[in-house]
Amino acid sequence: MLAGDVNGTARIAFKQSSFPSRRVCQTAIIVGLTTQLTEEHAMKASVFHLATQREVPADAEIVSHQLMLRTGMIRKLTSGIYTWTPLGLKVLRKVEQVVREEMDRADSLEMLMPSVQPAELWQETGRWDDFGPLLLKMSDRAGREFAFGPTHEEVITEFARAEVRSYKQLPICFYQIQTKFRDEIRPRFGVMRAREFLMKDGYSFHIDEDCMGRYYQVMYDTYTRIFERLELKFKAVTADSGAIGGAVSHEFHVLADSGEDQIAHVPGGDYASNVELAEAVAQGERAEATEEMRLVDTPNAKTIADLVEGFDLPIEKTVKTLVVEGSEESGHDFIALLVRGDHELNAVKAEKLPQVASPLRMAGEEEIRKAIGAGPGSLGPAKLPIPCIVDRQVALMSDFGAGANIDDKHYFGINWGRDVDLPEVADIRNVVAGDPASDGSGHLELIRGIEVGHIFQLGRKYSESMNAVVMDENGRAIHPAMGCYGIGVSRIVAAAIEQNHDDKGIIWPEPMAPFDVVILPMNAKKSHRVRELADQLYEQLGQAGLQVLLDDRPLRPGVMFADAELIGIPHQLVIGDRGLDNGIVEYRRRGGENHEIKIDEIRNWIDNLNG
RNA sequence: CGGGGUGUAGCGCAGCCUGGUAGCGCAACUGCUUUGGGAGCAGUAGGUCGUAGGUUCAAAUCCUGCCACCCCGACCA
């Protein structure tokens, strides 16, 4: 059809002259020319689905979400649920493959578990209720209940209790890369916090804690290698294990200012922790009292800021009193928590206090009035009718000011012991920049990160609740210790963009770029030699094992440049008559230096690139 | 779930207050010109105005319910 078309457009002519078009490939299938079909690296823009957009979609807040939509990597189907387009999938698969290779290297065994899981399994561990509304529940025609798996501890433990019966089979680790669903209350930022997402989850089984600990270290190293291979700037931090359970846990964060998590670390040192967990160490010693405690009228002082401005009180001499719901075992409806005026309460730490209800709930104004007799702006430790726990730093304060538990009145010059008995002391605040690290290694700096991996030493939580047992050397049935290891594969794609972009678009780390090289022929329609060299390079690069995109679309140069930069292809070759006159093609490194390559040196250049 | 906001062409928006048969930019399609940084001209196509009801001679516009989506808070890979 194309061959004899004298009046055919240049576009058709160009396609015709190049490497197998879609039509030719189909023919090749028929005649069995499979060698050409294995050329899956190579792709022409004219047969690919490039769907870039110039305008920024209105509801995309962060850069990665905007760029993923503008490049056409993803399309939203509904809230928190996205289609990965051919372009986006190429990136996702690359990340997946690095994860797979490193997991395999650590002797972890890939498998695939069901995403639809029966309710009974979740009821066994109690998580059918504990997981709460995050669990997407559904029922079949017979009314039996199921959940779409948000994680797979139950399924793997069920699998292991049937398959793994002897210590001789241990240790063993299984993993899968699979779509998960968590019905997040508020999905946002595109695939960064989606409801449906791609996750690598791994689970290991061990005869004892010792072995679990050793394999945990193997996974720690594996994760480190994964993020190094992906060329991301990241940090491993000690973390809270949250709903999954277990004692020891580390999170892996891709560092980016837009990250939702705060990390406390010692610059240049080993200490790094999620702020949720970072221990706040009290500094200094309590000074002698120099003032008398006095009741002061503070009619308009409802906040710490009012107090500081209106009464010339240094913020380090003020105390915030927060009222939270008490736990059942505390025997009280409400508990007061005190932190210094310039500090913040740490909810994770507070929740772990036995007196405090979990999850943490702040008391409302009405509840506070009923329990204390004054409003939230006038609370303090003196003459407080409910139990009280103070932060370590608060315990070291002297001559400080706090509410008097009478509306519009504060006590100034309060001193522990003399005026008020020192209540229970605990670490309940967030660390701030400059605090000493709890290991004494230096002073903390706070940075932001995106959590892309989390490893846990689970222990026997699941093997016990689901009664998975193996026989040990002495013929006794024991519950194996478990570890679990997650990586947010789809989130990594977004996190990588957050960390690597400029005003023109994405700057992919090479290992996850959708294509290695793009060929941009200038004015190919008119220039036979441009077309010829483009085709030749396309073939050579493909045969060299590089994933190459030939932009054979009949477009103006500006559009081609803009697309190549937006999509973020690391290496660009610009072929034009201007360069050919001088025997060169132009090479551009996305986000880096440009230079010229002599045409007769291209072969070397390609070999170099590939090596 | 609580608080706020928005639903009009694939994307971004105007029109609504003051009811009168729906418009702009980008994208798409056709033709000609143009071709080293998101072209120009001419033409074409595309919309149950989220949805259901109500008021009215007449509803994108006014009223009510519902739905969806987005933003701020607690959760997570």
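In what follows, every chain begins at residue 1, and chains take the letters A, B, ... in the order their sequences are listed. Computation of the quantities below employed the complete heavy-atom set of this structure, encompassing side-chain atoms and omitting hydrogens, waters and symmetry-equivalent molecules. Computed from a prediction, not measured in an experiment: that's the story for all the values here.
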Taking any heavy-atom pair under 4.0 Å as a contact, classify [X]: base, sugar-phosphate, or nothing.
{"X": "G486(A)", "value": "nothing"}
{"X": "V559(A)", "value": "base"}
{"X": "A194(A)", "value": "base"}
{"X": "E586(A)", "value": "base"}
{"X": "V574(A)", "value": "base"}

Under 4.0 Å between a Lys/Arg side-chain N and an Asp/Glu carboxylate O for [X] and [Y]?
{"X": "E61(A)", "Y": "R188(A)", "value": "no"}
{"X": "K44(A)", "Y": "D535(A)", "value": "no"}
{"X": "D577(A)", "Y": "K526(A)", "value": "no"}
{"X": "E367(A)", "Y": "K370(A)", "value": "no"}
{"X": "E101(A)", "Y": "R229(A)", "value": "yes"}
{"X": "D183(A)", "Y": "R195(A)", "value": "yes"}

With the criterion being N/O to N/O and under 3.5 Å, what pairs connect the protein with nucleotides 28-32 of chain B, and how long is each?
none

| query | Would Y462(A) and Y203(A) count as a close aromatic pair, with their ring centres under 6.0 Å? | reply |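 Judged by ring-centre distance (under 6.0 Å), Y462(A) and Y203(A) do not meet the cut-off.
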Considering only atom [atom1], compute the distance from [N] to [M] and round it to an integer number of Å.
{"N": "C1(B)", "M": "C75(B)", "atom1": "C1'", "answer": "13 Å"}
{"N": "U34(B)", "M": "A42(B)", "atom1": "C1'", "answer": "15 Å"}
{"N": "G65(B)", "M": "C71(B)", "atom1": "C1'", "answer": "24 Å"}
{"N": "G43(B)", "M": "C67(B)", "atom1": "P", "answer": "47 Å"}
{"N": "C29(B)", "M": "C17(B)", "atom1": "C1'", "answer": "39 Å"}
{"N": "G47(B)", "M": "G15(B)", "atom1": "C1'", "answer": "14 Å"}
{"N": "G50(B)", "M": "U61(B)", "atom1": "C1'", "answer": "16 Å"}
{"N": "C76(B)", "M": "U64(B)", "atom1": "P", "answer": "40 Å"}

Can you measure [X] atom [atom1] to [N] atom [atom2] for me and round it to whole angstrom units?
{"X": "R578(A)", "N": "U35(B)", "atom1": "CZ", "atom2": "P", "answer": "14 Å"}
{"X": "M192(A)", "N": "C71(B)", "atom1": "CE", "atom2": "P", "answer": "13 Å"}
{"X": "D201(A)", "N": "C76(B)", "atom1": "CG", "atom2": "C1'", "answer": "14 Å"}
{"X": "R188(A)", "N": "A77(B)", "atom1": "CZ", "atom2": "C1'", "answer": "15 Å"}
{"X": "L69(A)", "N": "G10(B)", "atom1": "CG", "atom2": "P", "answer": "16 Å"}
{"X": "D130(A)", "N": "C75(B)", "atom1": "CG", "atom2": "P", "answer": "16 Å"}
{"X": "H454(A)", "N": "C76(B)", "atom1": "NE2", "atom2": "P", "answer": "9 Å"}
{"X": "H65(A)", "N": "C69(B)", "atom1": "NE2", "atom2": "P", "answer": "13 Å"}

Go ahead and name the base partner of [N]; Watson-Crick or wobble counts if both distances stay under 3.5 Å, otherwise write none.
{"N": "U18(B)", "answer": "none"}
{"N": "A77(B)", "answer": "none"}
{"N": "A60(B)", "answer": "none"}
{"N": "C69(B)", "answer": "G5(B)"}
{"N": "A39(B)", "answer": "U33(B)"}
{"N": "U44(B)", "answer": "A28(B)"}

| I507(A) CD1 to R590(A) CZ distance, which is reported to the nearest 0.5 Å |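 Here the interatomic distance stands at 4.5 Å.
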| request: Mark yes when over 12 heavy atoms from residues, nucleotides or ligands other than Q217(A) sit less than 6.0 Å from its CD; otherwise mark no. | output: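 Correct, the count exceeds 12.
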| task | Can you establish whether the number of heavy atoms outside D257(A) located under 6.0 Å from its atom CG is more than 12? | result |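 Counting neighbours around CG of D257(A), 12 or fewer heavy atoms of other residues, nucleotides or ligands fall under 6.0 Å, so no.
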With respect to the phosphate group of [N], does any side-chain polar atom (N or O) of [X] fall under 4.0 Å of OP1 or OP2?
{"X": "T78(A)", "N": "C69(B)", "answer": "yes"}
{"X": "K76(A)", "N": "C70(B)", "answer": "yes"}
{"X": "R193(A)", "N": "A77(B)", "answer": "no"}
{"X": "R556(A)", "N": "A39(B)", "answer": "yes"}

| said: With nearest nucleotide decided by heavy atoms, which residue, R195(A) or N523(A), maps closer to the 5′ end of RNA chain B? | reply: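 Looking at RNA chain B, the more 5' nearest nucleotide goes with N523(A).
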| More 5' along RNA chain B: E451(A) or E565(A), using each one's nearest nucleotide? |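 Between the two, 5'-proximity favours E565(A).
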| request: Go through the structure and list residues passing side-chain hydrogen bond (donor to acceptor under 3.5 Å, both in side chains) with R186(A), not counting sequence neighbours. | output: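 If we apply the side-chain hydrogen bond (donor to acceptor under 3.5 Å, both in side chains) test to R186(A), skipping adjacent residues, there are no hits.
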| said: Please evaluate residues S273(A) and T238(A) with respect to the criterion side chain to side chain donor-acceptor pair (under 3.5 Å), reporting the C-alpha separation (whole Å), side-chain torsions for both, the decisive distance (0.1 Å), and the verdict. | reply: CA-CA 5 Å; S273(A) 176; T238(A) 56; 3.1 Å; yes
| query | Considering only heavy atoms and no angle criterion, is a donor-acceptor pair shorter than 3.5 Å present between the side chain of D563(A) and the base of G38(B)? | reply |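 Between G38(B) and D563(A), which were checked side chain against base, a qualifying N/O pair under 3.5 Å is present.
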With respect to the side chain of [X], which nucleotide from [options] is positioned closest?
{"X": "I185(A)", "options": "C1(B), A68(B), A77(B)", "value": "C1(B)"}
{"X": "S79(A)", "options": "G36(B), C69(B), C26(B)", "value": "C69(B)"}
{"X": "R186(A)", "options": "C69(B), U35(B), C71(B)", "value": "C71(B)"}
{"X": "L566(A)", "options": "C76(B), G38(B), G36(B)", "value": "G38(B)"}

Please list, for nucleotides 11-15 of chain B, all pairs of protein and nucleotide N/O atoms separated by less than 3.5 Å.
unit_1	atom_1	unit_2	atom_2	d
G12(B)	OP1	A58(A)	N	3.3
G12(B)	O4'	E55(A)	OE1	3.2

| Counterpart residues, side-chain contact (heavy atoms from CB on, under 4.5 Å), relative to K320(A) (two or more places apart) |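 Checked K320(A) against side-chain contact (heavy atoms from CB on, under 4.5 Å); matches are I304(A), V339(A).
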| Going by distance alone, is a donor N or O of one side chain under 3.5 Å from an acceptor N or O of the other, for N346(A) and E276(A)? |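 Distance-only check fails for N346(A) and E276(A).
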| task | Sequence neighbours left out, what passes ring-ring contact (aromatic ring centres under 6.0 Å, His included) with F252(A)? Give chain and number order. | result |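 For F252(A) the ring-ring contact (aromatic ring centres under 6.0 Å, His included) partners, ignoring immediate neighbours, are Y220(A), Y223(A), F227(A).
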| message | Ring centres within less than 5.5 Å and planes less than 30° apart: is that true of F197(A) and A77(B) in this structure? | response |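 Yes, the aromatic ring of F197(A) stacks with the base.
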With 3.5 Å as the limit, what N/O pairs link the protein to nucleotides 5-8 of chain B?
none

| field | E102(A) vs R105(A), salt bridge (Lys or Arg N to Asp or Glu O under 4.0 Å): CA-CA, chis, key distance, verdict | value | CA-CA 5 Å; E102(A) 293 302 329; R105(A) 186 216 277 254; 2.9 Å; yes
